[in-house]
Every structure is written in structure tokens, then in C-alpha cells.
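Letters A, B, ... mirror the listed sequences (proteins, then strands); counts begin at 1. Keep in mind that this is a model prediction, so the values were computed, not measured.
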Number of protein chains: 2
Amino acid sequence: MTHHHEVVEALQQIGYRLTPQRMMILEAIADSEGHLSAEEIHETVRTAYPYLDISTVYRTLDLLKTLHLVSETDLGRGPAQYELLSKGLHHHLICTECGEILDAPNSLLDSLRHAMSEEYDFHAEIEHLAVFGICSNCKGDAQEAG
Amino acid sequence: MTHHHEVVEALQQIGYRLTPQRMMILEAIADSEGHLSAEEIHETVRTAYPYLDISTVYRTLDLLKTLHLVSETDLGRGPAQYELLSKGLHHHLICTECGEILDAPNSLLDSLRHAMSEEYDFHAEIEHLAVFGICSNCKGDAQEAG
DNA sequence: TTGTCAAATGCAAGCTAGTTGCAGCGCGAA
DNA sequence: TTCGCGCTGCAACTAGCTTGCATTTGACAA
């Protein structure tokens, strides 16, 4: 599923190991559609290996983040969400009415990045942005109700 | 400092009261430069009124948010930050190297809002955005070091 | 001025999400 | 086979915030 040898190499280059726990955590993320929270990763892996501790999940996620293998998204509510970076950078538009999540490509932020760079000489690091708002379906409802 | 009568009216319209605690909390926010966390508000007000509880701070902040008097910014790290909405909507570019915080006007997001609206028919509610990245001063340093 | 009642408060306990300290295990090099 | 250190599970802890509840406050009516 995942390209283990690449991960092994990435880890070995900085003197670390690819343990079974780390492999299982990585596979749980790779096998999932969309995002997983640390707790969900924990639950998933525990069906196969019940001794896995949540702290190991967090420590592994930290490692995978520094290796730029997974991205972490803080939704501003609830737990942070993790996903494979290899699936391609993208962002999320989350409807606060119905909860629908629209995926948006990284290019959506091009103009914003450009503006920040031009006007503020600021190099934004937006690996993963979650924007809350109202989707097209709920826009009408909100006007009727409001 | 704050226009108490306006706040009183806003509260009374929905059947609530402007208590001394609420007044002190609102003033603490109004008197501050930039952002305050709930804990900072708590500490500030407690110098004048030591019995104020942190839960009262949070409950008041909820109220002020629903009245659109203050904005809440989740920085994704550390506690949420609160400030008066009357100071004008703006966003923050936070340098992860030196910690500097650049203020950016709401118009910075115009192009992003437009893109989300055009391409996804999605009405974004971005009261306050915090973007992490590298500022102009640290950009050179990062290249030298990296 | 007193009574009423809901809003508001302080306090304490609880909760979620994540972190830390530590003893022991196990891989890989010597 | 010994050594070093990366890694793990466990347990305790922390930050930030929320909730339940008895008591107090204050606006309004009588």
C-alpha cells in the first residue's frame, strides 16, 4: 500500500527505525478516505494490535509530520485531522449548516499567497486550510430562515 | 471607553443584562492592544475584582461573540484570542521564526472569497484568519541556515 | 416595599486533546 | 554478548475549556 522502502530510507537517514507500530499507523492513514484523527488512528490500529498506546500515535504523527509524509489540519473545533501528503495538497470548505466538506485544490490559495507575498513579503506556509462557511445548498435555506 | 449604552441595548433586546463582570470583561478587551486570551482577560479583570471566575469569562465571551461585539481567533496553537470587532476586521500573518505578527486588512481575502464563491458557490465566513509562515526578515535567515 | 423569577455568578468537578517522565524492551553495531 | 539508544506502553499530568448546581442579583409587578 505505502512505499515502505521510501519511508524506511527517510527514517534511516535521520537515524530512526520503521517499527511495526509506525507501519500500522502509516497504513491506517494511507488506507483511509480523507482525514483521520489521532483517536481514530488509534482505534483502527488497535483492532489489529490492542497494545498500541495513544502516545505512540501522537509521537509517530509528529515524526511523520517532520518527514512531510502526513499533514495535520487543525479544524478549530474537535481534534486535529491527519492525512497523507502524497495524496496531494488540498484544502477544505466546511459547511457550518449541513457539515458537508468540499475539497479544494491547493491552487485555490494561489491568489492569496501572491497577495501576501507581494504586499507583505510574507511567505505563507499553508499546508492545509479549513474554511468554515455556507455551501450552495444551505445558502438558500439560510436566507429563508434568517 | 466602550459605548455602554449600545451594549446594554444589544443585551436587553434579547433579554439579558449588562452586569459589572461583563462590563469589566468588555473593557479589558477594549483597553488592550491587539489580542487577549480568556486567561489574560481573567487575570486583567481579577486585579480589580478577584472573585471573577474563568467560567464567567468564557460565558461572557460566548455572549459577546453571538452579539458580534468580539471576534474569536483560533490560532491552532495555544489558547483562542479575542478582540473587539469594532476595531475593524483584520487578519494576522504570524512568523514561525521570530514570532512577529503582521496585521492584514480584511480585503486581503477578497480574492480568496471571490474564488470560493465563483468556483464552489461557497460563502466563506472568515471573521479572523491566522496564517503562519515566514516574514521578510527571517526569509533570508532560513535560506542561509537551510 | 416586597415578592417573584429568570438571568447570572462562583465554585467545583469534569472533559477532551494532547504531552511528559520513566522503566524496560529490542535492534544494530562493535 | 554486550552496549547504546531509539522506541514503547503505562500512568500521570497539563491546557483549555465546559458543565452542573446552589446561591445571588436585579428588573419588574403588585
Side-chain angles (χ1 to χ4, degrees), chain A residues 4 7-26 28-29 35-67 70-82 130, chain B residues 4-5 7-26 28 35-67 69-70 72-82 130:
Chain A
H4 291 152
V7 181
V8 171
E9 276 168 25
L11 283 165
Q12 283 183 338
Q13 274 176 16
I14 51 171
Y16 297 124
R17 301 201 287 259
L18 181 62
T19 64
Q21 287 90 337
R22 289 176 178 179
M23 222 152 71
M24 289 188 284
I25 288 167
L26 198 48
I29 304 170
H35 293 156
L36 286 178
S37 67
E39 192 50 52
E40 284 164 345
I41 294 167
H42 188 211
E43 287 306 311
T44 302
V45 176
R46 270 161 78 95
T47 61
Y49 176 65
Y51 303 107
L52 184 77
D53 194 77
I54 189 72
S55 65
T56 300
V57 176
Y58 281 112
R59 286 189 274 229
T60 299
L61 288 171
D62 277 350
L63 190 57
L64 296 175
K65 274 190 291 175
T66 65
L67 294 175
V70 307
S71 70
E72 181 189 56
T73 310
D74 186 327
L75 298 180
R77 39 188 103 168
Q81 305 288 111
Y82 301 87
Chain B
H4 290 152
H5 59 281
V7 181
V8 171
E9 276 169 25
L11 284 166
Q12 284 184 337
Q13 274 176 16
I14 52 171
Y16 296 124
R17 302 201 286 258
L18 182 62
T19 63
Q21 286 90 338
R22 287 177 179 178
M23 224 152 70
M24 289 187 284
I25 288 168
L26 197 48
H35 292 156
L36 287 178
S37 68
E39 193 50 51
E40 285 164 345
I41 295 167
H42 188 210
E43 286 307 311
T44 301
V45 177
R46 269 160 79 95
T47 61
Y49 175 66
Y51 302 107
L52 183 78
D53 194 76
I54 188 73
S55 65
T56 300
V57 176
Y58 281 111
R59 286 189 276 231
T60 299
L61 288 171
D62 277 351
L63 189 59
L64 296 175
K65 274 190 291 176
T66 66
L67 295 175
L69 289 172
V70 307
E72 182 190 54
T73 310
D74 187 327
L75 298 181
R77 40 188 102 167
Q81 304 288 112
Y82 300 87

(message) Can you measure A/D74 atom CG to D/dA15 atom C1' for me and round it to whole angstrom units?
(response) 14 Å

(message) Any heavy-atom pair between the side chains of A/E40 and A/Y82 that's under 4.5 Å?
(response) no

(request) To the nearest Å, give me how far apart NE2 (A/H42) and P (C/dG18) are. (result) 13 Å

(message) Looking at B/R17 and C/dA8, is any side-chain donor or acceptor paired with a base atom of the opposite kind under 3.5 Å?
(response) no

(message) Closer than 4.0 angstrom, basic N to acidic O: yes or no for B/D62 and B/R59?
(response) no

(request) Working to the nearest 0.5 Å, report the span between NE2 of A/H35 and CD of A/E72. (result) 11.0 Å

(message) Of the options D/dG16, C/dG10, D/dA11, whose atoms approach the side-chain atoms of B/D53 most closely?
(response) C/dG10

(request) Could you tell me the separation between the OH atom of B/Y51 and the P atom of D/dT24, rounded to a whole number of Å? (result) 14 Å

(request) May I ask you to verify if any side-chain N or O of B/R59 is less than 4.0 angstrom from the OP1 or OP2 atom of D/dT18? (result) no

(request) Could you tell me whether the phosphate oxygens of D/dT18, OP1 or OP2, come under 4.0 Å of any side-chain nitrogen or oxygen in B/Y58? (result) no

(request) May I ask you to evaluate whether B/T56 reaches the phosphate of C/dG10, defined as a side-chain N or O under 4.0 Å from OP1 or OP2? (result) yes

(message) Does a side-chain N or O of A/R22 approach OP1 or OP2 of D/dT8 to a distance below 4.0 Å, or not?
(response) yes

(message) What is the separation between atom OH on A/Y16 and atom C1' on D/dC7, rounded to the nearest whole Å?
(response) 11 Å

(message) In whole Å, I'd like the distance from the CD atom of A/Q21 to the P atom of D/dG9.
(response) 5 Å

(request) Under 4.0 Å between any heavy atoms, over every strand shown, what does A/S37 touch: base, sugar-phosphate, or nothing? Just pick one. (result) nothing

(message) Does any part of the side chain of B/L61, heavy atoms only, come nearer than 4.5 Å to the side chain of B/I41, both counted from C-beta?
(response) yes

(message) Looking at C/dC27, I'd like to know if its phosphate oxygens (OP1 or OP2) sit under 4.0 Å from a side-chain N or O belonging to A/T19.
(response) no

(request) Give a yes or no answer on whether the side chain of A/H42 reaches the backbone of A/L52 with a donor-acceptor pair at less than 3.5 Å. (result) yes

(request) Calculate the interatomic distance between A/I54 atom CD1 and D/dG9 atom C1'; express it in whole Å. (result) 12 Å

(message) The side chain of B/P79 is closest to which nucleotide in this list: D/dA11, C/dG18, D/dC17?
(response) D/dC17

(message) Between C1' on D/dG9 and OH on A/Y49, what's the gap in Å once rounded to a whole number?
(response) 8 Å

(request) Check the distance between C/dT9's P and B/L63's CG and give it to me in whole angstrom. (result) 9 Å

